[in-house]
Amino acid sequence: MNISEIFENRRSVRRFDDTPVDEETLRQILKIGLTSPTGNNLKTVDFILIQDKKTIVELSQIRKIGTKLLKTAGAAILVIADSSKSNLWIEDASIAMAYMHLASDAMGLGSCWVQMRTREDVNGNDLEKVLQEKFNIPENMKPLAILAIGNIENHPKKITERSVDWQKVHEEMY
Ligand SMILES: Cc1cc2nc3c(=O)[nH]c(=O)nc-3n(C[C@H](O)[C@H](O)[C@H](O)COP(=O)(O)O)c2cc1C
C-alpha cells in the first residue's frame, strides 16, 4: 500500500475476533507512538499496554456509551501525557493516538479511539481520576484516550471520494 492507500483504508473498527494481538506487531505500533512528534520535543506521552482480558472487559464497561467495543479487543493502549511538562500535552497525546490508530490499520489490525478525557464513568465520576487510581498513574500524567486494537475478519469499507468535503477547504480566506 502506498501512503494515500493507507490513509484511504483507515477506519474505526468496533468488532474484533477476541483473540490476542501479535506481540511483535504491538511493539511496532508502540514504537510509532513513542516516536511521534511532541511540542518542543518534550516527549510528554506514556503508554499503558493492557492485554489482560479481565481488565479489557472492565474498561469496556467503564462508560455508559462508547466503550463497549473494547470487549472483543485483543489489546488496549491507554495514552497518558504529562500536563506538568507542557501545555501541549493534549496535542502530543492526540498525535500519538492518531499515528498508532493509522499504523494498526496499515498492519492489518482493527482499532478505534475510545475517549477518556472529559468523560465520566458509569457512576458519574471523572474518568481522569478513576483511571489514575485504577492504573496507579501519578496526578500529573493525564489520561487522554484508549486505543482498542484487535484482529479482524472484515475491514470496514475504505473512505471514498464521495465522503471528501472539499467545501471545508477555504482558499486564502474563510
Ligand atoms: C477525539 C475522538 C474521540 C473518539 N471517541 C470515540 C469513542 O469514545 N468511542 C467510539 O466508539 N469511537 C470514538 N471515536 C471514533 C469516531 O467515532 C470515528 O473516528 C468517526 O465516527 C469516523 O469514523 P472513521 O474513523 O471510521 O472514519 C473517536 C474519534 C476521535 C477522533
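Computed from a prediction, not measured in an experiment: that's the story for all the values here. Starting from 1, each residue takes its place in the sequence as its number. Counting convention: from 1, in listed order, for ligands and their atoms alike.
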### Task
Verify the neighbour count for atom CG of Asn136: are there more than 12 heavy atoms of other residues, nucleotides or ligands below 6.0 Å?
no
#### Entry: Joint hydrophobic cluster, Leu49 plus Leu34, side-chain heavy atoms closer than 4.5 Å
yes
### Message
Are Ile48 and Leu144 linked, directly or through intermediate hydrophobic residues, by side-chain heavy-atom contacts shorter than 4.5 Å (ILVMFWY only)?
### Response
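In one cluster with Leu144: Ile48, no.
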Tell me the protein heavy atom at minimum distance from [atom], and give that distance in Å.
{"atom": "atom 15 (C) of ligand 1", "value": "Arg14 NH2, 3.6 Å"}
{"atom": "atom 7 (C) of ligand 1", "value": "Trp113 O, 3.4 Å"}
{"atom": "atom 18 (C) of ligand 1", "value": "Ser12 OG, 3.4 Å"}
{"atom": "atom 9 (N) of ligand 1", "value": "Gly66 O, 2.9 Å"}

### Query
What do you think, any protein heavy atom under 4.0 angstrom from atom 1 (C) of ligand 1?
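It does: a protein heavy atom is found less than 4.0 Å away from atom 1 (C) of ligand 1.
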### Message
Please tell me if atom 13 (C) of ligand 1 is touched by the protein, where touching means a protein heavy-atom distance below 4.0 Å.
### Response
yes
Have a look at ligand 1 and work out which part of [X], if any, has a heavy atom under 4.0 Å from it: side chain, backbone, both or neither.
{"X": "Leu69", "answer": "side chain"}
{"X": "Cys112", "answer": "side chain"}
{"X": "Arg119", "answer": "neither"}

### Query
When only distance counts, is Arg11 in polar contact with ligand 1, meaning an N/O pair under 3.5 Å?
yes
### Query
Looking at ligand 1, does Arg63 have a heavy atom less than 4.0 Å from it?
yes
### Query
Does Arg10 come within less than 4.0 Å of ligand 1, judged by its heavy atoms?
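Arg10: in contact with ligand 1 (<4.0 Å).
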### Task
Start with the C-alpha distance between Gln115 and Trp113, add both sets of side-chain angles, then the distance that settles side chain to side chain donor-acceptor pair (under 3.5 Å), and finish with yes or no.
CA-CA 6 Å; Gln115 184 69 13; Trp113 182 308; 2.8 Å; yes
